[in-house]
2 protein chains.
Amino acid sequence: MESDVSANSRLTIAAHALTWIGLYQRRGHEVATSEQIATSVNTNPVVIRRLLAKLSKAGLADSRRGAGAGWMLARDLAAITLLDVYQAIEPGPVFALHRATPDPECVVGHGIGPAMTAVYDDVEAALRRELAKTTLEDVLRDVLKAA
Amino acid sequence: MESDVSANSRLTIAAHALTWIGLYQRRGHEVATSEQIATSVNTNPVVIRRLLAKLSKAGLADSRRGAGAGWMLARDLAAITLLDVYQAIEPGPVFALHRATPDPECVVGHGIGPAMTAVYDDVEAALRRELAKTTLEDVLRDVLKAA
DNA sequence: TGCAGTTGTAACAACTATCGTTACGACTAG
DNA sequence: CTAGTCGTAACGATAGTTGTTACAACTGCA
């Protein structure tokens, strides 16, 4: 069975980064650098900057440039849900239709697209509903409870 | 914005193939060949055989070899949900944790894994619940209604 | 028995996405 | 001005998916 290495770890990394910034700020610091975050996540600072750039465009984080620069939250942890994060970094849907248009002469080929789209819409809605239930404040609480 | 070509179209193709077999059988034929199915799906027969091989292992389809060979359903369309199909072809989870272990010395790095796992478990459960609501009989009904 | 048609599966190329990395310009506090 | 950091381009390595060719295995039927 394949190990599916390509599964999305972006949501995990993004939640990790934002939670780290939030905790760091609560401990009295103004900004967190991509290098500090990368150390906790165990990856390269550029990976963090790339991800935070998307979160910044979505209005979840802000950056300060120049010396003494770094990242801060644009909203409180309690005001950011995992759905907010998901939407900021995952543009595509979970399920896709055919790459090549199926045979329109065939009854199934003609009608399968709309039929599956209806199902996929419901699935995506359920997924979003579930992600919206958890805020980064909840995540931080779980993290601190585990310590 | 990325076009995300890598999104899963497998579930669509698998549902298409099984529905096609089901309809073909209801019209009086015993078996359907991978070439016939591939024509409707607009892809290569080997792609269909690869997919049906997995569905066969999961007990959703059966194949007959030799001359006059082909594929048939192992259960009625009404007894196959999209969750059955999904589980047969998608081994991995939708969301993954970090590829590289995060810093265990860091509070966040240490506790983020379990925290996100709890969320992901709920999300996957919701996704499965939603997929289980629809049978291939429902899909076929929608398909025929659209015609 | 032999032939024809189909499955089962390996192998390969093309394409795409992701990730880690290096590099460097832009920016700004001190 | 200088040092430190962001923002982003570019590149190679890795891996997943799809389409394709090829061929052995199998079996109904003449």
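Worth saying up front: this structure is predicted, and the values here are computed from it rather than measured. Residue numbers start from 1 in every chain, and the chains themselves are labelled A, B, ... in the order their sequence lines are given, proteins ahead of strands.
- Side-chain atoms of B:S40 never come within 3.5 Å of backbone atoms of B:Q36 as a donor-acceptor pair (strictly under, hydrogens ignored).
- A ring-ring contact (aromatic ring centres under 6.0 Å, His included) check over residues 126-147 of chain B, counting only residues at least two apart or in different chains, returns nothing.
- A ring-ring contact (aromatic ring centres under 6.0 Å, His included) check over residues 100-147 of chain A, counting only residues at least two apart or in different chains, returns the pairs A:F95-A:Y120.
- Between the CD1 atom of A:I37 and the P atom of D:dT5 there is a distance of 12 Å, given to the nearest Å.
- A ring-ring contact (aromatic ring centres under 6.0 Å, His included) check over residues 29-48 of chain B, counting only residues at least two apart or in different chains, returns the pairs B:Y24-B:H29.
- Atom P of nucleotide D:dT18 and atom CG of B:L51 are separated by 9 Å, given to the nearest angstrom.
- With rounding to whole Å, A:I89 atom CD1 is found 17 Å from C:dA17 atom P.
- In this structure, B:I48 atom CD1 and D:dT21 atom C1' are separated by 17 Å, rounded to whole Å.
- For A:W71, the ring pair (Phe, Tyr, Trp, His ring centres under 6.0 Å) criterion is met by no residue, not counting sequence neighbours.
- At whole-Å resolution of the value, CG in B:D62 and P in D:dC26 are 17 Å apart.
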Original post:
If the sugar-phosphate is the primed atoms plus P, OP1 and OP2 and the base is the rest, what is the B/S/- string for nucleotides 5-10 of chain C, using protein heavy atoms under 4.0 Å?
Top reply: BSBBBB
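- Atom CD1 of B:I13 and atom C1' of D:dT18 are 10 Å apart (whole Å).
- Rounded to whole Å, atom C1' of D:dG16 lies 13 Å from atom CG of A:N8.
- For A:R65, there are no side-chain hydrogen bond (donor to acceptor under 3.5 Å, both in side chains) partners, not counting sequence neighbours.
- We find that CG of A:L11 is positioned 12 Å from P of C:dC19, with the value rounded to whole Å.
- Here the nucleotide nearest the side chain of A:V47, chosen from C:dT21, D:dT20, C:dT18, is C:dT21.
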